[in-house]
Amino acid sequence: MAQIADLWDSTRLTALLTAAGYLLTLTLIPVVILRHREPMSALAWILGIILVPGLGGLLYLLIGTTRLEEKAQRKRVARETIPRDLPTLVPYELPAPAGDELSLTHRLMELACHVAETRPTEGNRAEVITDTNRAYGLQEQAIRAARRHIHLEYYIFQPDETGRRFRDLLIAKAREGVQVRFLFDAVGSIRLGARFLGPMRDAGVRAECFLPVSLLRRRWVFNLRNHRKILVVDGEIGFTGGVNVGNEYIGRESQFGYWRDTHMMLRGPAVLQLQRVFAADWLFAAGEELVDVEFYPAVDPAGDHVVQIMASGPDQRVEMIHELFVAAITSARRRVWLETSYFVPTEPLRMALHIAAHRGVEVRLILPHRSAHLTALLAAHSYYDELLASGVQIHEYRGGLLHSKLMTIDGEWSTVGSANFDNRSMRLNFEAGAVFYGPAMAERLEEIFGEDLARSEPLDRAAWARRSIAQRLLENSCRLLSPIL
């Protein structure tokens, strides 16, 4: 009898769990349909919820839902609180077109001015940094020279030897009376704890976490991450690009060895735009308004680059960087050169590359041969057949791990930033980058692209097509996850 009772209890428990799973499934499907504008993303989650009742729904609640409504409104208010037209920031005036047809630069300027909250600025000095050791050295030098304030935000800031070196330098400056504000992402910098942050806060450094994750307090937003990498010193010198802070980014504690990245050092009016991006993020995370004129000092011309800082995120009604990338590629007439660490293109980006190649534009991609995220790399492989068939040239970087994100169009327009060529960067993360108008920066980035090309191997279409069925199946299975990669 006891065995029968145990079996009956077990059957009842199984039935209850099954019923709860299906109830969760029926409840979540309308939520997915209402929240996801992209049909493929919605369909992928619906299939997961149906095929794995209960577990699929729990997974969606953890990483699928953006829980954006309240947070987007708060972030939007924070962004709009910071003045857009800073009195010391002189915008670049778009010249009248020389003929009947607008140039590539003019068309992309007009689009950027329409969708972004910034305008191109002239009088900037810009240096491209391709070695992470040099990037760290220049940033440390700028921090040591700080007189008034240091603002930095990072997706990944590791509590290792490199992170401690930066931390101790920030502590020293705070003790000198310099205002130091440090913003880190809750997921990317998950290893940062009280032991690391305590000495900073004791010394007067303001350290805040962006969108903390806490299951107990229903703050479980695993999307909407702050993927930006920004350092602004005294409102006069700024850094942005792809470089995080940690030993692995200089080849230590990494199975991949050399870490190839691209970062920018800026002087001039564009630095104030970076300051504004930080100020909006800081207001959202810390509740402190940075609107005093001391944070936006008068800036003299420092160079001849025309630069516009572009910051995008899921709090904005326009997918700013996404639209700009699609427009730049579809506007190209001669060449599109792109390198990125994660390549899982959205449908508009994929079509833009195909169309450009079909039009006879030289489309070259430098993509990783190895990756820190195998699933994303396998998903990327699933796109190669069709791209190669359309005439896109794909080169796999063999000099280490590629983490760089840069693009040049026709030798006239170029960009370096934190955004990868994937759905997460285009739609789920907060990203930032610098857009450059004119041949000077485009030519420099093309030189760097050529150097990376020499360390890469081109993919042969026929050889790539001989991959095994098992390999293709694995790649296409990973591609199903592309909406969340």
Side-chain angles (χ1 to χ4, degrees), residues 36-45 102 104 107-108 110-112 114-116 310 312 314 316-368 376-396 405-410 412-415 417 419-429 431 433 435 449 458-459 461 464-465 472 475-485:
H36 290 260
R37 292 175 294 175
E38 290 296 315
M40 290 304 296
S41 174
L43 183 59
W45 277 116
L102 298 179
L104 169 74
R107 292 198 304 274
L108 293 179
E110 284 194 332
L111 171 64
H114 183 73
V115 301
M310 301 289 289
S312 67
Q316 298 174 350
R317 296 179 177 87
V318 175
E319 294 172 350
M320 197 177 305
I321 291 179
H322 193 198
E323 288 195 11
L324 190 61
F325 279 16
V326 171
I329 294 168
T330 55
S331 299
R333 292 186 173 181
R334 300 189 302 279
R335 57 187 176 274
V336 175
W337 289 1
L338 164 74
E339 60 183 43
T340 183
S341 52
Y342 299 110
F343 181 83
V344 189
T346 63
E347 186 64 14
L349 287 172
R350 186 183 68 83
M351 288 300 297
L353 292 172
H354 280 295
I355 292 170
H358 285 311
R359 288 191 290 111
V361 175
E362 180 189 277
V363 181
R364 287 192 174 188
L365 311 180
I366 299 181
L367 304 176
L377 183 63
L378 290 170
H381 287 171
S382 71
Y383 293 91
Y384 290 3
D385 283 309
E386 53 195 291
L387 289 168
L388 291 168
S390 67
V392 174
Q393 302 175 47
I394 300 176
H395 305 259
E396 290 190 326
K405 309 121 180 27
L406 67 84
M407 180 164 58
T408 70
I409 306 291
D410 287 354
E412 298 180 33
W413 181 95
S414 53
T415 181
N420 289 298
F421 215 75
D422 59 12
N423 188 70
R424 182 161 293 276
S425 282
M426 296 299 115
R427 293 178 169 138
L428 298 178
N429 284 344
E431 306 282 0
V435 171
F449 189 92
L459 288 185
R461 181 184 173 188
W464 186 256
R472 292 170 182 266
E475 292 167 358
N476 288 337
S477 298
C478 291
R479 181 168 176 164
L480 295 176
L481 301 174
S482 60
I484 59 173
L485 292 178

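The line from CG of Asn423 to NE2 of His322 is 7.5 Å long, rounded to the nearest 0.5 Å. The CE atom of Met426 lies 7.0 Å from the CD atom of Glu431; values are rounded to the nearest 0.5 Å. Here the CD atom belonging to Glu475 is positioned 12.0 Å from the OH atom belonging to Tyr383, to the nearest 0.5 angstrom. To the nearest 0.5 angstrom, Leu104 atom CG is 8.5 Å from Trp413 atom CH2. The CZ atom of Phe325 lies 8.5 Å from the OG atom of Ser312; values are rounded to the nearest 0.5 Å.
Shortest non-hydrogen contact noted between Gly417 and Lys405 is O-CD, 3.2 Å. What you find for Ala376 and Val344 is that their closest heavy atoms are O-CG2, 3.9 Å. Among all heavy-atom pairs drawn from Ala327 and Leu111, the shortest one is CB-CD2, 3.3 Å. Here the shortest heavy-atom pairing between Ser382 and Asn476 reads CB-OD1, 3.4 Å. Nearest heavy atom pair, residue Met320 against residue Val115, reads CE-O, 3.4 Å. The minimum heavy-atom distance linking Leu324 with Ala112 is given by the pair CD1-CB, 4.3 Å.
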*Apply side chain to side chain contact (heavy atoms under 4.5 Å, CB included) to the pair Trp464 and Leu388, showing each step before the final yes or no.*
CA-CA 9 Å; Trp464 186 256; Leu388 291 168; 4.1 Å; yes
_Check against side chain to side chain contact (heavy atoms under 4.5 Å, CB included), Glu110 and His114_ = CA-CA 6 Å; Glu110 284 194 332; His114 183 73; over 6 Å; no
*Does the side chain to side chain contact (heavy atoms under 4.5 Å, CB included) test come out yes or no for Thr415 and Leu406, once each step is laid out?*
CA-CA 6 Å; Thr415 181; Leu406 67 84; over 6 Å; no
_Using the rule given for side chain to side chain contact (heavy atoms under 4.5 Å, CB included), can you reason through His381 versus Leu378, listing the C-alpha separation, both sets of side-chain angles and the distance that settles it, and then say yes or no?_
CA-CA 5 Å; His381 287 171; Leu378 290 170; 4.3 Å; yes
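At distances below 3.5 Å, not a single donor-acceptor pair connects side-chain atoms of Asn420 with backbone N or O atoms of Thr340. Under a 3.5 Å cut-off, the side chain of Ser425 and the backbone N or O of Asp422 do not form any donor-acceptor pair.
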Compile the donor-acceptor pairs under 3.5 Å between side chains in residues 353-367 and protein atoms, sequence neighbours left out, one pair per line.
{"residue": "His354", "atom": "ND1", "partner": "Ser390", "partner atom": "OG", "Å": "3.1"}
{"residue": "His354", "atom": "NE2", "partner": "Arg350", "partner atom": "NH1", "Å": "3.3"}
{"residue": "Arg359", "atom": "NH1", "partner": "Ala332", "partner atom": "O", "Å": "2.8"}
{"residue": "Arg359", "atom": "NH2", "partner": "Thr330", "partner atom": "O", "Å": "3.1"}
{"residue": "Arg359", "atom": "NH2", "partner": "Ala332", "partner atom": "O", "Å": "3.0"}
{"residue": "Glu362", "atom": "OE2", "partner": "Trp337", "partner atom": "NE1", "Å": "2.6"}
{"residue": "Arg364", "atom": "NE", "partner": "Gln393", "partner atom": "OE1", "Å": "3.2"}

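Listed by chain and residue number, Phe343, Tyr384 satisfy the side-chain contact (heavy atoms from CB on, under 4.5 Å) test with Ala380 (two or more places apart in sequence, or in another chain).
The shortest distance between side-chain heavy atoms of Glu412 and Arg334 falls below 4.5 Å.
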